**Q** 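Here's a structure for you.
Fair warning: this is a prediction, and the values are worked out from it, not measured in the lab.
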Amino acid sequence: MQEGRLFGITYYLLEKGKATAQKLAERFEVSVRTIYRDIDALSAAGIPVYAENGRNGGFCLMPGFILDRAALSEEEKQEILTAMRSVDITKCEDDNATLHKLSALFGCNAEDWLAVDFSRWGDIRHDNEKFKLLKTAVIQRRHVRIAYAGASGAVSERIVQPLQLIYKARAWYLSAFCTKRQALRMFKLNRILESELLEERFLPRTPEILEDVREAEPESVTLRFPPDMAYRVYDEFEADQVTRLENGDLIATAPFPQDAWLTGFLLSFGTQVDILAPAGLKETVARQVKRMYEKYCGITEEN
């Protein structure tokens, strides 16, 4: 039990950088006295842990300290290598170099049992370059100028502070702070038509600051589909979000952001969806359908 806790303390300090005895005691559910004994045991084992005094003090590891490869089991090494090798996102040469270094460090090669490719069909060079640029921006906290095609089709230029790349619902998104809107936004990578990495850097945002600029939380949406739309319903919703009625109709309930993307998503079902809740969403979609009808039929306000 103690051996596992000692490794746990070491990993925790590697990840967090510093922690007080009280924080470690709460984290590992032991007394503060036990933590002090554990720290003594780590020091005796050659782990360079030391204490910083003062108001912001705590236990730390010497800078540059890394764990010996023997700290990982063979299974854990395989899991790490497989994760890097099989999640084929950008075919980045830098990632391949990292994989080779880890393979040499671990003294083993990843078993080639799984392949995952998130890229689109066809020429993916542009997607890869864009992904690498945004990855660099996130890691280095650099501003990026993008040309973005919104849900309405209009292309606008934005200066954003990239925070995270997210893969969700079979698509890549960039979570970023938009300096134009002064709010967090989700940008679909396929709609980022141009991107330029800028030299200007930004400071990391604390959870408290992000909370003040975060977009509204997704609201629950309830939809009804006929039986012949089952193939599409189960593509878009989890099984536990869908209820089948006696007549075969499907009721799907899930949280969605209340924005232009949701309107476009619902329109993609044509007449094969009935919006049950919220009530205002049906009116929003109806207004968009009316505008589309007037556009394609050449109807103007003067007519």
Side-chain angles (χ1 to χ4, degrees), residues 1-87 89-90 92-111 114 116 131-132 134-142 161-167 175 201-210:
M1 184 69 177
Q2 184 192 26
E3 181 179 352
R5 190 171 63 249
L6 293 179
F7 274 117
I9 292 173
T10 307
Y11 288 131
Y12 190 82
L13 293 178
L14 280 170
E15 179 184 4
K16 302 299 183 181
K18 183 187 300 183
T20 64
Q22 182 63 42
K23 183 67 175 179
L24 291 172
E26 294 172 359
R27 172 69 175 79
F28 294 98
E29 299 181 347
V30 295
S31 68
V32 171
R33 180 175 295 182
T34 298
I35 291 297
Y36 278 111
R37 286 200 295 265
D38 288 342
I39 295 298
D40 289 340
L42 287 172
S43 297
I47 303 297
V49 59
Y50 67 97
E52 285 188 353
N53 298 321
R55 182 179 179 182
N56 297 318
F59 293 111
C60 311
L61 292 170
M62 290 291 290
F65 170 73
I66 59 173
L67 283 175
D68 185 82
R69 66 183 184 182
L72 295 172
S73 68
E74 291 301 317
E75 183 177 355
E76 289 169 333
K77 295 174 187 176
Q78 284 292 338
E79 288 177 356
I80 293 172
L81 294 176
T82 299
M84 292 196 63
R85 180 175 182 177
S86 58
V87 181
I89 300 174
T90 63
C92 176
E93 292 182 1
D94 294 338
D95 292 339
N96 288 335
T98 303
L99 176 61
H100 293 322
K101 290 178 181 178
L102 284 176
S103 296
L105 177 65
F106 294 162
C108 62
N109 294 313
E111 296 294 337
L114 173 68
V116 181
F131 192 97
K132 287 179 63 176
L134 295 174
K135 171 186 172 183
T136 299
V138 170
I139 294 174
Q140 297 183 1
R141 298 195 184 98
R142 291 168 62 180
Q161 299 174 353
L163 303 176
Q164 193 175 37
L165 286 162
I166 301 171
Y167 186 79
S175 173
R201 298 175 185 265
F202 59 91
L203 296 175
R205 294 180 176 274
T206 65
E208 292 76 14
I209 294 177
L210 290 176

**Q** Which heavy atom in Thr20 sits nearest to a heavy atom in Phe59, and how many Å separate them?
**A** C-CD1, 4.5 Å
**Q** Enter the distance from Tyr11:OH to Leu6:CG here, rounded to the nearest 0.5 Å.
**A** 12.0 Å
**Q** Applying the side chain to side chain contact (heavy atoms under 4.5 Å, CB included) test to Ile9, which of Val49, Leu61, Ile47, Leu42 qualifies?
**A**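 For Ile9, the side chain to side chain contact (heavy atoms under 4.5 Å, CB included) test succeeds with only one of Val49, Leu61, Ile47, Leu42, which is Leu42.
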**Q** Identify the two heavy atoms, one from Pro162 and one from Val138, that lie closest to each other, and give their separation to 0.1 Å.
**A** CB-CG2, 3.6 Å
**Q** Could you check whether atom OH of Tyr36 has more than 12 heavy atoms from other residues, nucleotides or ligands sitting under 6.0 Å from it?
**A**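 No.
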**Q** Would you indicate whether Gln140, at its atom CD, is surrounded by more than 12 heavy atoms from other residues, nucleotides or ligands within a distance under 6.0 Å?
**A** yes
**Q** If you measure from CZ on Arg141 to CZ on Phe202, what distance do you get to the nearest 0.5 Å?
**A**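 Spacing of CZ (Arg141) from CZ (Phe202) equals 7.0 Å.
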**Q** Quick check against the 3.5 Å criterion: does Lys18 have a side-chain atom that pairs as donor or acceptor with the backbone of Asn56?
**A** yes
**Q** Any donor-acceptor pair under 3.5 Å linking the side chain of Thr34 with the backbone of Val30?
**A** no
**Q** Measuring from atom CZ of Arg33 to atom CG of Asp38, what distance do you get when rounded to the nearest 0.5 angstrom?
**A**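 Here the rounded value is 13.5 Å.
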**Q** Nearest 0.5 Å please: distance from the OG atom of Ser31 over to the CD atom of Glu26.
**A** 12.5 Å
**Q** Which atoms form the tightest heavy-atom contact between Ser175 and Ile166, and what is the distance?
**A** CB-CD1, 3.9 Å
**Q** Nearest 0.5 Å please: distance from the CG atom of Leu24 over to the NZ atom of Lys16.
**A** 11.5 Å
**Q** Find the distance between CZ (Arg37) and CZ (Arg5) and round it off to the nearest 0.5 Å.
**A**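 Reported to 0.5 Å precision, the distance equals 8.5 Å.
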